[in-house]
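Naming convention: chains lettered A, B, ... in sequence-line order (proteins, then strands); numbering from 1 in each chain.
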Amino acid sequence: MSQPKPRLERIWPLLPGLAALLVTTLLLLAMGTSPIDAYSAMWQGAFGTSARVYSVLAFLVPLLLAASGLLLTFKAGLWNIGIEGQIIMGAVAASWVALRVQLPAGLQIPLELLAAMAGGALWAALAGILKTRGGVHEIFGGLALNNLAILFTNYLIAGPWQPPEGGSFRGTQPFGAHALLPLFENSRLSLLSLALAVVAFAGVALVLTNSHWGLRLKALGQNARSAFLLGVSSNREMLLAMAVCGALAGLGGGVRVLSWFDSLRQSISGGIGYLALMVVLLAGFRLVLTPLVAFFFSAVLNGSITLQLRTQLHSALGDILTGVLVLLVLLFGNYERVRRAFRRRRSQADG
Amino acid sequence: MQVHLNTIHKQFGSLVANDEISIQFEPGRIYGLLGENGAGKSTLMKILSGYQQPDRGEIALNGVVQHFATPRQALAAGVGMLYQEPLDVPVFTVLENFLLGRADDGQRPQQSAKALAQLAGRYGFQVDPHEHTRELSMGERQQLELLRLLAGGAEVLILDEPTTGISAEQKDLLFASMRTLAREEGKTLILVSHKLDEVQELCDYAYVLRKGRLVGGKQLPCPNQELVDLMFDELAPRPARQTAPGDVLLDLQHVSARTPRLELEPVSLHVQAGQVLGLAGLEGSGQELLLRACAGLLPLSGGSLRLAGEPQPDWDYPRARQHGVAYLAAGRLEEGLIAGLTLTEHMALVSNAHGLLVDWLQNRQLAAQHISTYQVVGQPESYIENLSGGNQQRFLFAMLPQNLKLILMEHPTRGLDIRSTDWIWEQLDRRRADGTAIIFLSADLDEIAARSDQIAVFSGGRLLRSVPAAETTADELGHLIGGAL
Ligand SMILES: Nc1ncnc2c1ncn2[C@@H]1O[C@H](COP(=O)(O)OP(=O)(O)OP(=O)(O)O)[C@@H](O)[C@H]1O
Ligand SMILES: [Mg+2]
């Protein structure tokens, strides 16, 4: 019964991208920089050498893991803002194993990754329990838990996990080589982590399109009351969705400490959780678009770091571009909504 | 205001909901719009009220051709519609809902509240401007919506199945106000309904749609049979029902329950396997509470509940489901069906299948099978919210598991046409014969009198009386309920 979509509606998702590019271009012109130079510098920064491509991919891994998890929670109608804290707690848990446990490499790394998943899952489950038992909305619970996770990291770095030489408050001592993920060609990319991210995304895609659990989450997200009456135990499914999302985010946090860095740092996530939220929103919760948008974000953000070195521009250009993009998509991304608003405006003018 | 609909055509994919319909409505009269479930009544009225646009055809008001892109434009031109499913915003107060979507005319809240009260007074409606809409009953929400339309300048009022789910008292009030609006204020009224007696009582003229076409019109009153003949090909006679109740299935001892609005005083009742218990009473008299308590959706505040002889101290909804108790709520799309899911997805959701992955092919076949046995107008891929109201109800029934012990229902045939109603009760009777007990509540006393074995009458949170259905009539029930006021 699907009706052919009008042309405009089909190309609509592309428009905010073009508009964001336009806004950024104008901004560059206003600052007296050649946009072509800037964009080519950015492109060079992201894809200029193979090392840079690896860097883009390495940054993508935790972002894609978190975004995959968020696809689950969003489907269940949950705003898992606490994802940032879940990434951090994953990093903390992985660090704990890396610092305190000595095993042969074949066991060490799997244990670290499992710990990372457990840490993230636990932190997410906490937000879930606050919601189901305490009636605390997951947004507020999540924000509070994010701050707690940051405080906890700072405490660990400054206290029990302080490097022996002391002085630096910026991170723990580097983990032993056996505890770190093997890196690809001297980059920050671990192929194992990339493979895990791809598998995680594929798993989420399968869950959402073809599993009973995914269907229950969808039902819950669309109408929790009806879903309950149809036999979906809402609390359990919500908690499970949170925990699985937290586990994926935690895994991302683990990858951050075990490959992108080599130790637990103060801003270990650096906002990847919030970035993942933007990715999923921008992708309009659509499966296929999510990894593409995540890749785009990763490329733009990595590219703009080099941009700063090449031109006088601040690396914030990448942030500006993505920020404007998100704003535009949130405002105008939904074709139906825009059309309705437009009609309303017109009808007001008529009436 | 005179309304001309000219060759209105509306298609959803390959389904023709309105097929070149030309129809005319005169001011000062009340029209009935009849037709079986899915005939296209709501679609036609949504087009007239700007909620949907026709593919072809035109609308003329007092001879002037109009184009409505939104309900707001239609209301500005004088056409207002009360939808089958209420559209108000539950968290808003009555006053906020009243003001919703109106141009800001610079009135202060007090003035608006006064205007609202005045308007309500004219039609005998009682509304408290500061109450939250979610606290209101169906009938009160409807009154509020009607007032909003009138304040917005509606000259043509469309009411889509307004009497389903409201109390008899509210219905009388609604009909009185409709008469006033037509006879004294010269407005044009259109009533969409499945209840022929109501239409006969209220309307001057009835149009009948069948499968998207206008098949005729009749001056009213006329014999019901003439309308039925227009609406349906043929109607099977209602089979006589036999009852042979079995053991006591559900036994309630001094059960009480409460919500912030109402307290149900201790009730002792029982239902036997294969028996039908009808709960009668004005809306909000306590029968809903009892039903929800039986379903485990409302905790008992006192008393005890036994199912098949077993005491159930920790009765809740998941447990009730496990024990073969099903519950069908009044609000279809709010409690029961999930907008945004297709029929196939609904099937897969309730299929309870083991295994990780959904077998879409099998569920699609299952959906198709239910669609044909329950004669639902729709496809497995249709989104549930796109089905007509009656078809949604049929699909709800189609989703009920087999081998239930007890079925609890609020307004089971609300929004169903006569044939569907008979058919649904036939299905229920078949389950009853297999020993399923049924408890239902309905605003339709005829339905209660005709379909129950035992009838419990409620008033003000109290069980007034429980009588065998054979010993009473709908009339008597009406007096009982009314007299208790
Ligand atoms: N948005 C939509 N998308 C697809 N099909 C639709 C949509 N709206 C209505 N239909 C279909 O059009 C037909 C007519 O629906 P309509 O709601 O007008 O029926 P109705 O006469 O009001 O029935 P009822 O008495 O059950 O309310 C139905 O078969 C319905 O499934
Ligand atoms: Mg209808």
Enquirer: Which bit of B:L328 comes within less than 4.5 Å of chain A, counting heavy atoms only: side chain, backbone, both or neither?
Expert: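 Interface part for B:L328: neither.
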Enquirer: Which answer fits A:V207, side chain, backbone, both or neither, if we ask what part of it has an atom under 4.5 Å from a heavy atom of chain B?
Expert: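 Nothing of A:V207, per the 4.5 Å heavy-atom cut-off to chain B.
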Enquirer: In the structure I gave you, are the side-chain heavy atoms of B:W360 and A:T209 within less than 4.5 Å of one another anywhere?
Expert: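 No, side chains not in contact.
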Enquirer: Can you tell me if A:S226 uses its side chain to pair, donor with acceptor, with the backbone of B:E334 under 3.5 Å?
Expert: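 Confirmed, A:S226 side chain pairs with B:E334 backbone.
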Enquirer: What is the distance from atom CG of B:L349 to atom CG of A:L215, rounded to the nearest 0.5 Å?
Expert: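 Answer rounded to 0.5 Å: 5.0 Å.
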Enquirer: What part of A:S233 lies closer than 4.5 angstrom to a heavy atom of chain B: side chain, backbone, both or neither?
Expert: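 No part of it gets close to chain B.
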Enquirer: How far apart are the closest heavy atoms of A:F228 and B:Y317, and which atoms are they?
Expert: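 That closest heavy-atom pairing would be O-CE2, 3.4 Å.
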Enquirer: Around B:Y383, counting heavy atoms of other residues, nucleotides and ligands shown, do more than 12 lie under 6.0 Å from its OH?
Expert: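 Result for OH/B:Y383: open.
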Enquirer: Contact part of B:L341 toward chain A, heavy-atom cut-off under 4.5 Å: side chain, backbone, both or neither?
Expert: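 For B:L341, the contact with chain A is made by the side chain alone.
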Enquirer: Checking side-chain contact (heavy atoms from CB on, under 4.5 Å) against B:E335, which of A:N223, A:L229, A:L230 comes through?
Expert: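 For B:E335, the side-chain contact (heavy atoms from CB on, under 4.5 Å) test succeeds with only one of A:N223, A:L229, A:L230, which is A:L229.
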Enquirer: Just verifying a value: how many Å separate B:L356 CG and A:H212 NE2, rounded to the nearest 0.5 Å?
Expert: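 Answer for the CG-NE2 pair, B:L356 versus A:H212, is 8.5 Å.
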